[in-house]
J.: 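Below is the structure I would like to discuss, written out as structure tokens.
No hydrogens, no waters, no symmetry mates; every other heavy atom, side chains included, goes into these values. Fair warning: this is a prediction, and the values are worked out from it, not measured in the lab.
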Amino acid sequence: MPSIQSMCSICSLSDHCDWITIPDPIFRLSLPSMSKRAEPALILAFLITATLSVGGLWLLNKVSPGLVPGLTGQMTPRSGSNSADADSLSILGDTFSGYSTFRNEAFQNALKETGIRLHYEDEFDQAKRAERMNQGQTDLLVTTLDQFLKQKPQGKIVALIDRTVGADAVVLNTRQYPNLKSLLDLRQLVAQRKAQGQTLGITYAGDTPSEYLALVLDTKFEAFNLQDFQSNPVADASEAWKLLQDPSKNMAIAIIWEPFVTQARQQGYTVVLSSKDAPEAIVDVLVASDRLLQSHPEKISDLLEAYYRRIDANVRDASQLQTQIATDGKLSSTEAAAVLQGIEFFTAAEASDWLTKGNLTKRINATAAVLTLTGRLKAVPAQPDRLFTGQFLTKAANNTQTLIELVRADNPALADRLSGKGKAIAPSQTLSSSQVKAAPDIGNLEVRGEVSFDVGSADLTAQGMQTLNQLAQEIAEFNTQTVAIRVIGHTSRTGAASLNQTLSQQRAQVVVDYLRGRGLRHTIVAEGKGFSQPLPDISPTSSRNQRTEIRLVRVN
């Protein structure tokens, strides 16, 4: 009996059935009589449903070896490729667990069946990674979006790999400084130490998502200024974690990744902000060199088709991926589970949507803005859509879409995960005003501009609306499930206390209503403080005390 791949040439799914190849022996079983045209599609539906809906992952592994994650054993050394051999592709990256599939021996063996030999090599220096691509020493590289924008390799983004949702985090040294539990506390501690002639330290792995999170703090939170600290860049998060635990180093803050984030929580340190709170801040991408784009574009499509087949299988059963990550990173099963929980992998369908429907353009603009404000980039790219292409995802996305349609009836939750809908951030839970006010503080957002009102009233000025429009965009970056917003209004000490209290509450409520009108789905509450909390070292009657705080707090 012919294989399913050959039979698909006469079936209505012929353009989409190449995601799985089934050898003849699998069909040596009794099947009811079917029409010639219907038989392949029904058999394919039966096999996929058995594989993905009834726990038959063993079948997919048996019929298409290497496409389902498994134990990889010892990895053999990889070397780069000069692409003289059209069948050989080289890729530069590092040891991040999100890239483990490209290093995986089973995946590389599966690629050989498509005529591609993939050579993975670690290059921890991001600048050298880009330089080697520019010099023709590698065909592909994996990196974060911020590093792609910063290093500017001569290539384009052709696929999205993952985004971290908790794997990277900002950790405060609560063990050494017990009152240090928010960025607001951090500002007070920094001021106290400065008065004593001391400078606190911050540590992170340089040119990694950890450094980018430090830049995010610097640009988005008014209580954090990177220049206030003695920076201690290190090579790896393990070193930053060790520095944080050393009381002689005076480290107030460290930015680390899993499994050290979980260890920090368990030992009583405060995770003040993580990539789960800002789930699109850190995105990993696959970049193809201009040379490869021009000389062998079909190899890119073939590579992505095989890669996303494997991701589709991992969406169905993450335990195999957990084993892969544990083996690849020499981690325990528990550590690998913590890593995996903090990473969301893009499926082909979701990646295609991002590249074709404006999501990636929006993310490039937001990331470039952070880099520009901190001096890492001269300007936001004028034409961000020229930095990526979605054309090589077509086959892979079609395969995933066919799979989605086949499993949706029996397993709608799996279909949603394959399409990316299962990752969407749901509206926040219902929280009372008192619960939000009692929630642990994260910090105040930097207000660029002034939330201004007409004199003696709660009517926003045009400038106030413009400022809030920008703030709404900033707030939208944060997870509705983990972050709530306190809008706190203040006045100057002019007039009766009761009138100022009422006015500050009204103004705060106007801000809340305006932000909700901009489409925010977070829990947002209004608080009026009147003139009870004037700014330090400023006359209570100064108009500068008429201000609005946008405070992020931790929920869930």
Side-chain angles (χ1 to χ4, degrees), residues 3-5 18-23 25-26 47-48 50-52 55-81 85 87-122 139-140 142 159 161-162 284 286 299-333 335-337 339-340 343 345-348 351 395-396 399-400 403 418:
S3 72
I4 191 71
Q5 191 171 40
D18 54 358
W19 73 282
I20 182 169
T21 302
I22 302 176
I26 290 296
L47 287 170
I48 294 174
T51 298
L52 296 173
L57 192 60
W58 64 271
L59 181 59
L60 181 57
N61 193 32
K62 208 162 185 66
V63 302
S64 192
L67 295 186
V68 176
L71 292 173
T72 60
Q74 297 296 317
M75 300 301 293
T76 56
R78 269 44 172 201
S79 59
S81 167
D85 182 353
D87 293 334
S88 180
L89 295 177
S90 61
I91 181 169
L92 291 179
D94 52 49
T95 56
F96 171 51
S97 296
Y99 306 154
S100 65
T101 295
F102 295 105
R103 295 188 292 269
N104 183 263
E105 187 175 9
F107 171 68
Q108 293 186 352
N109 288 336
L111 270 181
K112 290 179 182 178
E113 297 177 8
T114 70
I116 297 176
R117 286 176 291 158
L118 185 67
H119 304 277
Y120 190 97
E121 181 183 351
D122 287 332
D139 304 299
L140 304 146
V142 282
I161 302 169
D162 62 65
D284 287 277
L286 177 67
K299 293 297 180 184
I300 303 173
S301 295
D302 292 343
L303 170 67
L304 296 183
E305 194 174 8
Y307 171 77
Y308 283 110
R309 275 201 303 263
R310 191 173 183 86
I311 296 302
D312 288 346
N314 290 336
V315 170
R316 166 60 180 86
D317 184 358
S319 64
Q320 297 289 347
L321 178 58
Q322 182 176 324
T323 300
Q324 173 185 306
I325 288 174
T327 304
D328 177 71
K330 299 180 180 179
L331 303 172
S332 68
S333 178
E335 290 173 332
V339 170
L340 186 56
I343 303 174
F345 288 88
F346 283 92
T347 66
K395 287 184 179 180
N399 290 342
T400 301
L403 183 56
L418 288 166

J.: Can you tell me how far the OG atom of S88 sits from the CD1 atom of I116, to the nearest 0.5 Å?
T.: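 These two atoms lie 10.0 Å from each other.
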
J.: In terms of side-chain heavy atoms, does T400 have a donor or acceptor partner in D312 at a distance below 3.5 Å?
T.: yes

J.: Got a second to check how far L92's CG is from E121's CD, nearest 0.5 Å?
T.: 5.5 Å

J.: If you round to the nearest 0.5 Å, how far is OG1 of T101 from CG of L118?
T.: 11.0 Å

J.: How far apart are the closest heavy atoms of Q108 and Y120, and which atoms are they?
T.: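 Result for this residue pair: NE2-CB, 4.2 Å.
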
J.: Is the backbone N or O of L340 less than 3.5 Å from a side-chain atom of Q322, with the two atoms forming a donor-acceptor pair by type?
T.: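 Judged by distance alone, no pair lies under 3.5 Å.
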
J.: Write down the atom of V142, the atom of G93, and the distance for their closest heavy-atom approach.
T.: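 Looking at all heavy atoms of both residues, the shortest contact is CG2-CA, 3.5 Å.
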
J.: Would you say the side-chain atoms of T347 pair up with the backbone N or O of L418, donor to acceptor, closer than 3.5 Å?
T.: yes

J.: What's the shortest heavy-atom distance between G98 and I161, and which atoms?
T.: O-CG2, 3.6 Å

J.: Determine whether D302 and K395 satisfy the following criterion, side chain to side chain contact (heavy atoms under 4.5 Å, CB included), listing intermediate values before the conclusion.
T.: CA-CA 8 Å; D302 292 343; K395 287 184 179 180; 4.3 Å; yes

J.: Can you tell me how the ring of F107 sits relative to the ring of Y307, calling it parallel under 30°, perpendicular over 60° and tilted otherwise?
T.: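 If you compare the ring of F107 with that of Y307, the planes turn out perpendicular.
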
J.: Quick check: do R310 and L321 have side-chain heavy atoms less than 4.5 Å from each other?
T.: no

J.: So L286 and I91, do their side chains get closer than 4.5 Å, heavy atoms only?
T.: yes

J.: Quick check, are the ring centers of Y308 and F346 under 6.0 angstrom apart?
T.: no

J.: Atom CG in D162, atom CG in D284: separation rounded to 0.5 Å?
T.: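 Taking CG in D162 and CG in D284, the distance rounds to 4.0 Å.
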
J.: Indicate the atoms forming the closest heavy-atom contact of A336 with I325, along with that distance.
T.: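 That closest heavy-atom pairing would be CB-CG2, 4.2 Å.
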
J.: Output yes when a side-chain donor or acceptor of T323 lies under 3.5 Å from a complementary backbone atom of S319, and no otherwise.
T.: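 Checked: pair present.
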
J.: Does F102 reach the side chain of L140, with side-chain heavy atoms less than 4.5 Å apart?
T.: no

J.: D87 and K299: salt bridge (Lys or Arg N to Asp or Glu O under 4.0 Å), yes or no, with the steps?
T.: CA-CA 8 Å; D87 293 334; K299 293 297 180 184; 3.3 Å; yes

J.: Report yes if the distance between the aromatic ring centroids of Y99 and F96 is under 6.0 Å, otherwise no.
T.: yes

J.: Between the side chains of N314 and Q320, is a donor N or O closer than 3.5 angstrom to an acceptor N or O?
T.: no

J.: Measure the spacing between CG of D328 and OG1 of T95 and express it to the nearest 0.5 Å.
T.: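 That separation rounds to 8.0 Å.
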
J.: How long is the straight-line distance from CZ of R309 back to CG of N399, given to the nearest 0.5 Å?
T.: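 That separation rounds to 7.0 Å.
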
